[in-house]
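Presented below is the structure to which this report refers.
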Amino acid sequence: MINVTLPDGSVRQIEKGTSSFEVARSISEGLARNVLAAEVNGEIRDLSRPIESDCTLRLLTWEEDGGKSTFWHSGAHVMAEALELLYPGVKFWVGPPVENGFYYDVDFGGMVFSDKDFEALEEKMLELGRNENEYVRKEISKADAIAYFTEKGDPYKLDLLENLEDGQITFYTQGGFTDLCRGPHIPNTSFIKAVKIMNVAGAYWKGDEKNKQLTRIYGIAFPKQKQLKEYLELLEEARKRDHRKLGKELDLFHFSEKVGQGLPLWLPKGAELRSRLETFLKEAQRKAGYQPVITPHIANKELYVTSGHFAKYGADSFQPILTPAEGEVYLLKPMNCPHHCEIYKSRPRSYKDLPIRYAEFGTVYRYEQSGELHGLTRVRGFTQDDAHIFCTVDQVKKEVGKVIDLVMYIFDVLDFKDYVAQVSLRDPDNPAKYIGSDENWEKAERSIQEIANEKGLKTVVEYGEAAFYGPKLDFMVRDAIGRKWQLGTVQIDYNLPERFELDYVGADNARHRPVMIHRAPFGSMERFVAILIEHCAGKFPLWLTPEQVKIIPVGERFNEYASELLEVLKNSDIRALLDLRAEKVGKKIREAELEKIPFMLIVGEEEVANNTVSVRKQGEGGDLGTMSIEDFVNHINSEVRKMLKQ
RNA sequence: GCCGGUGUAGCUCAGUUGGCCAGAGCAGCUGAUUUGUAAUCAGCUGGUCGGGGGUUCGAAUCCCUCCACCGGCUCCA
């Protein structure tokens, strides 16, 4: 007998060689019906595999990530089987599970696989699911494996085999399809009750542009039809919130072919929104001791040669601008930091000056490949809410802490409640690729982790994710419908101070090199506004929304009162509009609703008589009752103050 | 950049076995209506059918090419 420890700490004695599935069944029939895979001593395995020694066992269902990914991986195999049946002779590369579903990279030969073919594939997959084919694991020698795929004529699998060690190779077979696979898999295909082919895309073999492009088919599968329905509804909700759609509907921004790809034009309402965000951050930064600086949009090439950006990015950037007479070479600014370094260098610095914090809403231009562009989230010209803090190594911890405070304040005001901080540290196996002394790195890495903990941040540590010039801390945010975005970033930099030979005179009267901290709580205004639009589905918080109030007189006779009301609101710092059109009230309300203006004030006979307004709130329908003008103004202004935590 | 898809009025979309002057709703303009909580009525304006080239008696529709947009191109059994 051997001992199996379950997650709740209980221990079961089972006979050696009992399968995980049998253990599940001994616990409950319900669990046996739902269990997909087993995690034995931390390793995910097939349920059917026997347990040979004492272990800890977690039984994974759909609810666990490991169960889900196993399920999807098995889904990929079913998709491959279906593809092979529908398109004999196709060649397969790899088919892993991903965050939402799975994909398989396939070589169709000369054939084009497109969305017209999705339905047939889905049906075939469901048919294979109904067949209840078991996933059978088989250990196989390398020679036999090579023989199998040579016979089958699948060069990609043979390529994979080359790098695998004999004795470690396994095949999985379900129905008529056998794949080279380390597993694990779900017990049989009958768990797959709902499938959807999501999209098809080109993907380079091994992710290398020089290689042949394979067809990547993305799909997703579920054990219940209802789950697929829910997933599709979530996608639909995401489509409704798409900032490109809402940006158009709400007149926030526009792209023009004539202006150029990836170069957004901010319309008045979008500009209002953005400038309000900027003002908000500028004020917070002023309080936090930042000093504003402003730098030009182009700079002499030498600046970027010094910074190292030219060597690294020059060839893939917008090409240089030349002066007509002298032929001097200028570049569009891709980063603000080199400029800020030159500002630092504008005069000698003492340790007493530090930390110095230069902030700039700096517009930069980067040549993104045309296929990489996406709405406002990926553009070629954008404005970073950039700042650079020059400080001593000993000040790093405190300064990072202050940045964390600022970021948390911003998230709080903007109602991002769910976020984690990713701490990116050096790859311990490859210390050579980093610049800066070991001592400084250790100190900075420790500082970041300590301060993140002290601030009570949820953190995840990623080794090997640090930049070559320093460790960093990134804020990963979940939006209102659960999608993850990377927002604010804090990066320690030992490289630029070195390259620009920045220094300060210490208390010891010797020259020392400062550390530089890059930070951008929003990242870029473009990307942040995009995320914000999607987060709040276009219903911006009252303090931020371009238009707060729309006044709707019910008839011509009340226009004068409405105009006076508009003046009162404007004089009280409320952004109000007046709809004087000879339209019916219903229509004016409908339009204000669609414009997502938070408050509508309906005024007519009664309001004029009593000097009041009838209040309607966007999205809530109906009449919220009347109040005096003064009360309404106070209400709005106190709401705004509350939101800004002022 | 590469693979696949899409491109018709400011917006959303119809129109493709090639064939009368290319359609609708909304928006805009004009007029009437002066309205009480999500669309008042009528008339009018507006389109190089993404650009260019080709096939054809004839092209929004077929072919080539360029452009833009959309989905991907990090996930190594």
Side-chain angles (χ1 to χ4, degrees), chain A residues 69 73 76-77 80 92-99 102-105 108 112-117 145 149 154 156-164 168-172 178-185 198-218 239 242 244-245 248-249 251 254-258 260-262 316 367-375 552-559 580-595 600-607 614-626:
Chain A
S69 60
H73 186 190
H77 278 231
F92 296 104
W93 168 233
V94 295
V98 287
E99 196 175 343
F102 52 83
Y103 68 80
Y104 220 117
D105 281 348
F108 279 96
V112 170
F113 182 85
S114 78
D115 51 6
K116 290 170 197 71
D117 305 306
F149 282 108
D154 203 326
Y156 304 107
K157 294 295 177 187
L158 289 170
D159 183 87
L160 281 172
L161 276 167
E162 268 182 34
N163 299 313
L164 295 180
Q168 310 263 335
I169 298 170
T170 52
F171 275 13
Y172 274 82
T178 296
D179 204 354
L180 170 67
C181 181
R182 78 157 79 89
H185 283 283
M198 299 309 299
N199 50 48
V200 57
Y204 297 107
W205 184 41
K206 299 185 180 182
D208 187 338
E209 286 184 38
K210 290 181 205 74
N211 283 338
K212 178 171 178 174
Q213 203 162 40
L214 304 175
T215 303
R216 176 167 296 178
I217 306 175
Y218 284 89
R239 264 192 288 277
D242 191 317
R244 292 165 300 184
K245 179 174 176 284
K248 200 181 274 184
E249 285 173 8
D251 285 324
H254 174 72
F255 287 92
S256 148
E257 277 189 39
K258 261 207 179 105
Q261 270 191 296
D316 298 319
Y367 178 81
E368 303 286 355
Q369 295 195 103
S370 65
E372 303 279 1
L373 300 172
H374 181 93
I552 301 175
V554 302
E556 203 173 16
R557 288 182 292 138
F558 316 111
N559 284 358
L580 287 181
R581 294 173 308 161
E583 295 290 349
K584 301 192 72 155
V585 176
K587 176 157 181 163
K588 295 188 190 179
I589 286 176
R590 179 183 152 78
E591 291 184 1
E593 285 281 345
L594 293 174
E595 289 172 88
M600 283 151 265
L601 298 181
I602 320 304
V603 296
E605 187 95 52
E606 212 181 304
E607 289 74 19
S614 169
V615 180
R616 180 187 167 113
K617 217 168 170 179
Q618 198 274 345
E620 296 190 4
D623 186 350
L624 294 183
T626 57

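Within every chain, numbering begins at 1; the chains are lettered A, B, ... in the order of the sequence lines, protein sequences first and strands thereafter.
Taking only side-chain nitrogens and oxygens, A:K248 never comes nearer than 4.0 Å to OP1 or OP2 of B:A27. OP1 or OP2 of B:G71 has at least one side-chain nitrogen or oxygen of A:H374 nearer than 4.0 Å. Note on A:S114: every side-chain N or O is 4.0 Å or more away from OP1 and OP2 of B:G5. Regarding contacts with the backbone of B:C2, every side-chain N or O of A:Q369 stays at 4.0 angstrom or more from both OP1 and OP2. Between A:R216 and B:G4 there is no side-chain polar atom (N or O) within less than 4.0 angstrom of OP1 or OP2. The phosphate of B:C70 (OP1 or OP2) has a side-chain N or O of A:R244 nearer than 4.0 angstrom.
Using cut-offs of 30° and 60° on the angle between ring planes, the pair A:Y156 and A:W93 is perpendicular.
Here the side chain of A:L160 is nearest to one of B:G72, B:C70, B:C76, namely B:C76.
Using a 4.0 Å heavy-atom distance criterion, A:D623 is classed as a base contact. The residue A:I169 sits close to a base: some heavy atom pair falls under 4.0 Å. Looking at heavy-atom distances under 4.0 Å, A:E372 makes contact with a base. Among the protein residues, A:V585 comes within range of the sugar-phosphate backbone only, with heavy atoms under 4.0 Å from sugar or phosphate atoms but none that close to a base. Backbone-only contact: A:G207 has heavy atoms under 4.0 Å from sugar-phosphate atoms and none from a base. Looking at heavy-atom distances under 4.0 Å, A:G586 makes contact with sugar-phosphate atoms alone, never a base. Residue-level contact check: A:K584 touches the bases, meaning some heavy atom is under 4.0 Å from a base atom.
Nucleotides B:A22 and B:C13 are separated by 14 Å at their C1' atoms, to the nearest Å. Between the P atoms of B:U8 and B:G15, the separation comes to 13 Å (whole Å). Straight-line distance between the P atoms of B:C2 and B:C62: roughly 24 Å, to the nearest whole Å.
Across the protein-nucleic acid pair, A:R581 atom CZ and B:C29 atom P stand 10 Å apart, rounded to whole Å. In this structure, the NE2 atom of A:H254 is 12 Å from the C1' atom of B:A68, given to the nearest Å. In this entry the distance linking CG of A:L594 with C1' of B:C26 reads 11 Å, nearest Å. Between the CD1 atom of A:I589 and the C1' atom of B:U37 there is a distance of 3 Å, rounded to whole Å. Following rounding to the nearest Å, A:N211 (CG) and B:G1 (C1') show an atom-to-atom distance of 16 Å. In this structure, the CD atom of A:E595 is 18 Å from the P atom of B:C26, given to the nearest Å. The distance from atom NZ of A:K157 to atom C1' of B:A77 is 6 Å, rounded to the nearest whole Å. Between A:E249 atom CD and B:G10 atom P the separation is 18 Å, expressed in whole Å.
Residue-to-nucleotide proximity on RNA chain B shows that, of A:Y104 and A:Q618, the 5′-proximal contact is made by A:Q618. Nearest-nucleotide positions on RNA chain B place A:E591 closer to the 5' end than the other of A:E591 and A:Q168.
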Legend entry - Intermediate values then yes/no, side-chain contact (heavy atoms from CB on, under 4.5 Å), A:F149 and A:L180: CA-CA 9 Å; A:F149 282 108; A:L180 170 67; 3.8 Å; yes

Legend entry - Full working for salt bridge (charged side-chain N to carboxylate O under 4.0 Å, His left out) between A:R244 and A:D242: CA-CA 5 Å; A:R244 292 165 300 184; A:D242 191 317; 2.5 Å; yes

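One N or O donor and one acceptor, one from the side chain of A:Q213 and one from the base of B:C2, sit under 3.5 Å apart. Within 3.5 Å, a donor on the side chain of A:E593 pairs with an acceptor on the base of B:A38, or the reverse. For B:G1, the base has a donor-acceptor partner in the side chain of A:Y204 [N/O atoms by modelled type, under 3.5 angstrom]. Side-chain atoms of A:E607 and base atoms of B:G36 include a donor and an acceptor less than 3.5 Å apart.
Between atom NE2 of residue A:H77 and atom NE2 of residue A:H73 there is a gap of 3.5 Å, rounded to the nearest 0.5 Å. A:S114 OG to A:N199 CG: the interatomic distance, rounded to the nearest 0.5 Å, is 12.5 Å. Rounded to the nearest 0.5 angstrom, A:I552 CD1 and A:K584 NZ are separated by 14.5 Å.
Side-chain contact check for A:K245 versus A:R239: every heavy-atom pair is 4.5 Å or farther apart.
Nucleotide B:C11 forms a Watson-Crick or G-U wobble pair with B:G25, both donor-acceptor distances falling under 3.5 Å. Searching all strands for a Watson-Crick or G-U wobble partner of B:A38 with both distances below 3.5 Å returns nothing.
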